[in-house]
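See below for the structure under consideration.
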Amino acid sequence: LCYDGTVLYFIDGYGMNRLVRIDPIHLSSIDTLKVDFPGSIDGLATNGKFVYALDYTRHVVYEVDVASKTILRTLNFNLSIGGGMTYAANRHSFFIGNFNYIIYEVDAIDGHLIDSISTTIRPYGVGYSCTGNVLFVGDYGSQTQVLNPNTGEIISSFSIGYDGLASDES
């Protein structure tokens, strides 16, 4: 799940080649876009111009032009990634989970690893707030934490886990 400021983007099930655009006001589907993803898509992020799709079977991220429904490039960070991801516009980076208690911050321009954040939950959902400079991390069904993205410190948490998070990332 990701939000470009106008539209929510949602993956229509694991391994599906469809992005669903959702009107966030009326919570209704605008349309469904078929994209030829070569692998199983899990997390989504956006920089406001492109949508980024996390392929957890190949451990890569695809940059997608929504208008043409095509993959423009494949980003390989040489990391074991899977679960949630988000874009942090003011940091020019992605935060990407790995299913196993770690979130990587990766430079969105050249792909180098900026930092690794250890978590006490599995990061199935990840959302970064540019406004609040906080990272929301949800596991599958039990807990969501609000983290300081610079230190990994838990600022707060609540007892509902979300594996799909969207935020003001762009």
Side-chain angles (χ1 to χ4, degrees), residues 1-56 58-77 79 81-98 103-111 114 117 123-138 140 144-147 149-150 160-170:
L1 187 67
C2 67
Y3 178 60
D4 69 2
T6 306
V7 174
L8 285 164
Y9 291 90
F10 175 73
I11 282 293
D12 189 16
Y14 295 110
M16 300 295 175
N17 287 335
R18 296 185 300 264
L19 286 174
V20 180
R21 290 195 302 178
I22 299 170
D23 179 322
I25 308 264
H26 300 101
L27 297 178
S28 59
S29 174
I30 297 169
D31 58 9
T32 301
L33 311 172
K34 183 167 179 0
V35 179
D36 291 324
F37 293 115
S40 298
I41 303 305
D42 194 10
L44 295 175
T46 182
N47 63 1
K49 182 176 181 182
F50 302 113
V51 170
Y52 295 88
L54 170 59
D55 180 340
Y56 68 92
R58 290 178 170 79
H59 304 287
V60 297
V61 172
Y62 305 112
E63 182 179 77
V64 179
D65 177 23
V66 176
S68 67
K69 304 174 194 165
T70 58
I71 296 171
L72 300 177
R73 64 184 176 134
T74 300
L75 309 171
N76 186 343
F77 306 120
L79 298 166
I81 53 177
M85 73 177 294
T86 189
Y87 180 73
N90 57 344
R91 299 168 74 102
H92 305 290
S93 65
F94 295 102
F95 286 97
I96 307 173
N98 81 338
I103 298 170
Y104 299 112
E105 184 177 10
V106 180
D107 187 281
I109 296 166
D110 66 16
I114 297 169
I117 300 170
Y124 282 86
V126 181
Y128 175 77
S129 171
C130 287
T131 306
N133 189 34
V134 293
L135 192 60
F136 294 89
V137 180
Y140 190 72
T144 297
Q145 296 177 343
V146 182
L147 305 178
N150 299 314
I160 299 174
Y162 294 102
D163 59 345
L165 293 171
S167 59
D168 61 329
E169 57 194 324
S170 61

| query | Under the criterion side-chain contact (heavy atoms from CB on, under 4.5 Å), which of Leu54, Asp55, Val106 is the partner of Val61? | reply | Leu54
| query | Can you tell if the side chain of Ile117 reaches within under 4.5 Å of the side chain of Pro123, non-hydrogen atoms only? | reply | no
| field | Under 3.5 Å donor-acceptor, His92 side chain and Ala108 backbone | value | no
| request: Would you mind reporting whether Tyr62 and Ile41 have side-chain heavy atoms less than 4.5 Å apart? | output: yes
| request: For the residue pair Phe94 and Phe77, categorise the inter-ring angle as parallel (less than 30°), tilted (30 to 60°) or perpendicular (more than 60°). | output: tilted
| note | Contacts of Ser68 meeting side-chain hydrogen bond (donor to acceptor under 3.5 Å, both in side chains) (sequence neighbours excluded), chain-then-number -> Asp65, Thr70
| task | Can you establish whether the number of heavy atoms outside Leu72 located under 6.0 Å from its atom CG is more than 12? | result | yes
| said: Quick one, Thr74 and Arg58 - any side-chain contact, counting heavy atoms below 4.5 Å? | reply: no
| remark: Here the gap from Asn98 atom CG to His59 atom NE2, rounded to the nearest 0.5 Å, amounts to 9.5 Å
| task | Work out which heavy atom in Ile30 is nearest to a heavy atom in Ile22; give both atom names and the distance. | result | CD1-C, 3.8 Å
| query | When rounded to the nearest 0.5 angstrom, what is the spacing between CG in Asp23 and OG1 in Thr6? | reply | 10.0 Å
| request: Work out which heavy atom in Cys2 is nearest to a heavy atom in Val51; give both atom names and the distance. | output: SG-CG1, 4.4 Å
| Less than 4.5 Å apart, any side-chain heavy atom of Val137 and any of Tyr124? | no
| Where Ile81 and Val60 come nearest, the two heavy atoms and their spacing | CD1-N, 4.0 Å
| said: Working to the nearest 0.5 angstrom, can you tell me the gap between Ile114 CD1 and Glu105 CD? | reply: 4.0 Å
| Could you state the interatomic distance from CG (Leu1) to CE (Met85), rounded to the nearest 0.5 Å? | 13.0 Å
| said: Quick check: do Val126 and Ile96 have side-chain heavy atoms less than 4.5 Å from each other? | reply: no
| query | Any idea how Tyr87 and Tyr52 line up, ring-wise: parallel (<30°), tilted (30 to 60°), or perpendicular (>60°)? | reply | parallel
| said: Let me confirm one number: the OG1-CZ distance from Thr144 to Phe136, rounded to the nearest 0.5 Å. | reply: 9.5 Å
| To the nearest 0.5 Å, what is the distance between CG (Asp4) and NZ (Lys49)? | 13.5 Å
| said: Between Leu135 and Thr86, does the side-chain contact (heavy atoms from CB on, under 4.5 Å) criterion hold? Intermediate values first, please. | reply: CA-CA 9 Å; Leu135 192 60; Thr86 189; 4.1 Å; yes
| field | Residue pair Ile11, Asp42: steps toward the side-chain contact (heavy atoms from CB on, under 4.5 Å) verdict | value | CA-CA 7 Å; Ile11 282 293; Asp42 194 10; over 6 Å; no
